[in-house]
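Some notes on the structure that comes next.
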Amino acid sequence: MTPAPVIIAIDGRSGAGKTTLAIELAARLRNHHKVSLFHLEDIYPGWNGLAAGIERYVTTVLAPLRRGEPATWVSWDWSRHYDGGARVTLPAEIVIVEGVGAAAAAARPLLDAVIWADSPENERRTRALERDGDTYEPYWDQWAAQESELLATDSIREHADIRVLNRADDTAPADVLQALTYLPALANVLVPELSARRGLRLLAERIGGRPDAAALFGSLYGKSANAVWLDSSLVPPAPDREGWQGTPAAERSRFSILADDGGTFGQSVRHRSGTNRITAGSATAEVSGAFFRWLETVWGRKAVRGPEGYPCDFTLGWLGYLGYELKRETGGSDVAADTPDSALIFAGRAVVLDHAEGAAWLLALDAPDAAEWLAEARAAVSTAVTAAGRTAAEAGAGNPAGGSNGVVSPAAPAFTSRDTEAGYRRKIAEAQHQIAEGNSYEVCLTTTLTAVVPAGGIDPWPTYLALRRRNPAPFASYLRFGGLTVASTSPERFLRIASDGGMRAEPIKGTRRRAADPELDAALRRDLATSLKDRAENIMIVDLLRNDLSHFAEPGSVTVSRLCEIESYATVHQLVSTIDARLLPGSPRAEAVAACFPAGSMTGAPKISTMAILDRLEDGPRGIYSGAIGYFSLNGATDLAVAIRTLVIESDGSDDGGAADGGKAGGSDGGIVTEGGRPARVSLGVGGAITADSVPQEEYDEIRTKAFGVLSALGSEFPGS
């Protein structure tokens, strides 16, 4: 008896292109496997026979194939409207069954994967009638009514592992095959396809010059539904750059990365409460399981090396954010957030700007569309270099580059706080009670500011540009996932793992505002430098991170190279430490990230018990705030910032911009066009570390200070001011 095959069902309404998709998918799989095909239209007993045909299919075709036995079944003769002859479908390594009802409830226990093919109704009818002509047209409504009756009682689409928007443009088979490789049930049989996904060749070009990064992002990715700009905006003008070189801020700010999920290899993933939703072009796969475990399957192995002379550790890969609520996988409780728990794109091509050497690197995985994209990117860089020169000339003539620090909008957003001042101070007192009881040493208490802005009242793109002008930061970033925008001006590195295994965390604990008066500003800096409370806060987090890193570090490699040093930014002075380690060879890199997540500077110590205290005190999710933003590179490297000083804009009620679900791209200037006139929800998380010595009023003043850099760029005030 032949071993039981892997059975893949392709279901969907008539005219969704199931037959063509099945044939083309089988052709691709036959490069490495023996494949059998079964079409349900061969077994339906007439135009009224959908329900009976499904029953015949399950009992006479699917059941024996599932056992690895040949299936003998009676065909239907459509010209005679009667039973035809007996046929046999042989089992194979992979069996593809397609047709309406292929994944009906009675069939699903016998299937390994379900694909649902979608297509607009007008396209479906045209496609079906073009294929079957006059034979089908008189029965279209009759058959459609049976489909509707079936789907009213059996939500096949909701049970699909993969959904594909099949527009008959020849992209669906490749997209579906890529999505199939993510399904655990198919991992063993699709080993050749998985190997091909890892056998990648990197193309690279270096272009001298300093392009205007914002202009370049707008040119290349202004119309992309999903795009990421990891923007090292803390780069001084040319005259001041010499003294900046060699500083910690320069090391963190050297590279900017611009990418989207377009092209042959482009993909995106959203994770919500235990489900990973991976989109590859027109196909979307849903895979249950922990996010960090999924991440380990797609990252951590060195798939490509950087080109000779290339100084950055990013060699294409995944970029985006990890939300705070992923703590459910690292010892925290399960809290549902309004936004996805993580959102990443896979960039098979990107531009990397080297601010130290003044160069742009074009990176692309070798693919049929790589040459076209490289030519487009080359031209865009050249134009952006010219734009940068023009901006510098205008600044030299007394016209400040970038214009106003504020956002030009109909009205500044009016924020409300989850906690009143009195309520936040009560929570501080409760946190200190928990510390006195020995349940924590330090509690990083946060709150959320939110505003609802009328349709058209805020444009994410100029909002971010205003934020980066007002508060430049080494880990600034602009992330767009359909209607969800993340605009961050974070100064804090969460975790870096270099391709060679070097690890680094750089927590910030201790903050003072900046002052326009130099003497007052210097006094504020001295106050921070001499504060025993702030130093104690910082040292407690350093100890926590030393422990986090040690889980996957070589014994004896964990060191503290900088302790409680002051770094000054546009709106704040900060107390920063640096902890280094070396990854133990062979360690799972995604698990090493998970061991440190979320950042200890955003939880307090000890981490797990303090997170439980925070869940009770904060009484709501943090979402993206307090998570991490950065990349997971194909050479095994990662560099992640803590998601602080971060504005989240939900502009159309959707976080999905993938083509498989109809995501729409928009304007040519880096923004996204939102449709339907829905209001936008804008949120900003702020918080601070509470210790036994904390003074409630001072802690409340500190969160106002931290919010100032973002709120002032919007023209907004802290609630209650």
Side-chain angles (χ1 to χ4, degrees), residues 28 31-32 170-171 173-182 190-207 216-217 220-221 224-230 255-269 278-283 285 294-295 297-320 344-354 359-381 499 589 630-639 658-659:
R28 292 171 183 267
N31 290 328
H32 303 288
D170 298 326
T171 61
D175 294 340
V176 168
L177 182 56
Q178 185 161 238
L180 285 171
T181 63
Y182 288 112
L190 296 184
V191 168
E193 286 75 16
L194 281 165
S195 298
R197 195 172 76 189
R198 295 171 185 142
L200 305 171
R201 178 170 171 257
L202 182 65
L203 307 177
E205 294 182 19
R206 183 186 187 278
I207 302 173
L216 181 59
F217 184 84
L220 285 175
Y221 307 121
S224 302
N226 302 321
V228 169
W229 177 14
L230 301 183
F255 302 106
S256 293
I257 301 169
L258 301 81
D260 72 356
D261 61 350
T264 298
F265 292 96
Q267 300 164 66
S268 64
V269 64
I278 309 115
T279 297
S282 61
W294 175 85
L295 182 63
T297 67
V298 298
W299 173 72
R301 301 177 181 87
K302 295 185 179 181
V304 301
R305 294 183 179 180
E308 187 174 350
Y310 176 65
C312 183
D313 232 358
F314 176 73
T315 57
L316 301 176
W318 298 92
L319 309 97
L344 303 171
I345 63 169
F346 182 85
R349 54 203 196 185
V351 178
V352 178
L353 304 182
D354 184 344
W361 286 85
L362 312 183
L363 307 179
L365 295 177
D366 195 5
D369 57 357
E372 180 182 356
W373 180 84
L374 287 169
E376 177 188 351
R378 208 177 293 125
V381 168
S499 58
R589 295 192 173 213
Y631 68 73
F632 300 93
S633 173
L634 287 173
N635 61 358
T638 183
D639 203 356

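Just so it is clear, the values below take in all heavy atoms, side chains as well, and ignore hydrogens, waters and symmetry mates.
In this structure, the side chain to side chain contact (heavy atoms under 4.5 Å, CB included) partners of A380, at least two apart in sequence or on a different chain, are L216, S219, L220. With sequence neighbours left out, the side chain to side chain contact (heavy atoms under 4.5 Å, CB included) criterion links E372 to no other residue. Legend: residues meeting side chain to side chain contact (heavy atoms under 4.5 Å, CB included) with A364, ordered by chain and number and at least two apart, are R349, A370, W373, L374. Partners of D639 according to the salt bridge (Lys or Arg N to Asp or Glu O under 4.0 Å) rule, which considers only residues two or more places apart in sequence or in another chain, are R493. For A179, the side chain to side chain contact (heavy atoms under 4.5 Å, CB included) test picks out I162, A283, A285, with sequence neighbours left out. Residues satisfying the salt bridge (Lys or Arg N to Asp or Glu O under 4.0 Å) test with R378, not counting sequence neighbours, are E205. R305 is linked by a salt bridge (Lys or Arg N to Asp or Glu O under 4.0 Å) to nothing, counting only residues two or more places apart in sequence or in another chain.
When all heavy atoms of A637 and R589 are compared, the closest pair comes out as N-NH1, 4.1 Å. Across every non-hydrogen atom of Y221 and A227, the tightest pair is CB-CB, 4.0 Å. Minimum interatomic distance between F265 and A367 (heavy atoms only, all atoms of both residues): CE1-CB, 3.7 Å.
For the atom pair CG (N226) and CD (Q267), the distance works out to 12.0 Å, reported to the nearest 0.5 Å. Here the CG atom belonging to L344 is positioned 10.5 Å from the CD1 atom belonging to I278, to the nearest 0.5 angstrom. One finds the CG atom of L353 at 5.5 Å from the CG atom of L258 (value rounded to the nearest 0.5 Å). Distance check: T279 OG1 to Q178 CD gives 11.0 Å after rounding to the nearest 0.5 Å. L319 contributes atom CG, which lies 10.5 Å from atom CG of D260 (distance to the nearest 0.5 angstrom).
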Which pairs would a plain distance check flag for residues 308-317, meaning a side-chain donor or acceptor within less than 3.5 Å of a matching protein atom at least two apart in sequence or in another chain?
| residue | atom | partner | partner atom | Å |
| --- | --- | --- | --- | --- |
| Y310 | OH | F314 | O | 2.6 |
| D313 | OD1 | S499 | OG | 3.0 |
| D313 | OD1 | N635 | ND2 | 3.4 |
| D313 | OD2 | S499 | N | 3.0 |
| T315 | OG1 | S633 | OG | 3.0 |
| T315 | OG1 | N635 | N | 3.3 |

I would like to know whether V228 and W318 meet side chain to side chain contact (heavy atoms under 4.5 Å, CB included); could you show each step before the answer? CA-CA 10 Å; V228 169; W318 298 92; over 6 Å; no
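Under the ring pair (Phe, Tyr, Trp, His ring centres under 6.0 Å) rule, W229 has a single partner from F217, Y631, F255, which is F217.
One N or O on the side chain of D175 and one on the backbone of S282 form a donor-acceptor pair closer than 3.5 Å.
At a threshold of 4.5 Å between non-hydrogen side-chain atoms, the residues E193 and L180 do not count as touching. Side-chain contact between T264 and L365 is absent, with no heavy-atom pair separated by less than 4.5 Å. Two residues are said to be in side-chain contact when any heavy atoms from C-beta on lie closer than 4.5 Å; V298 and F632 fail this criterion.
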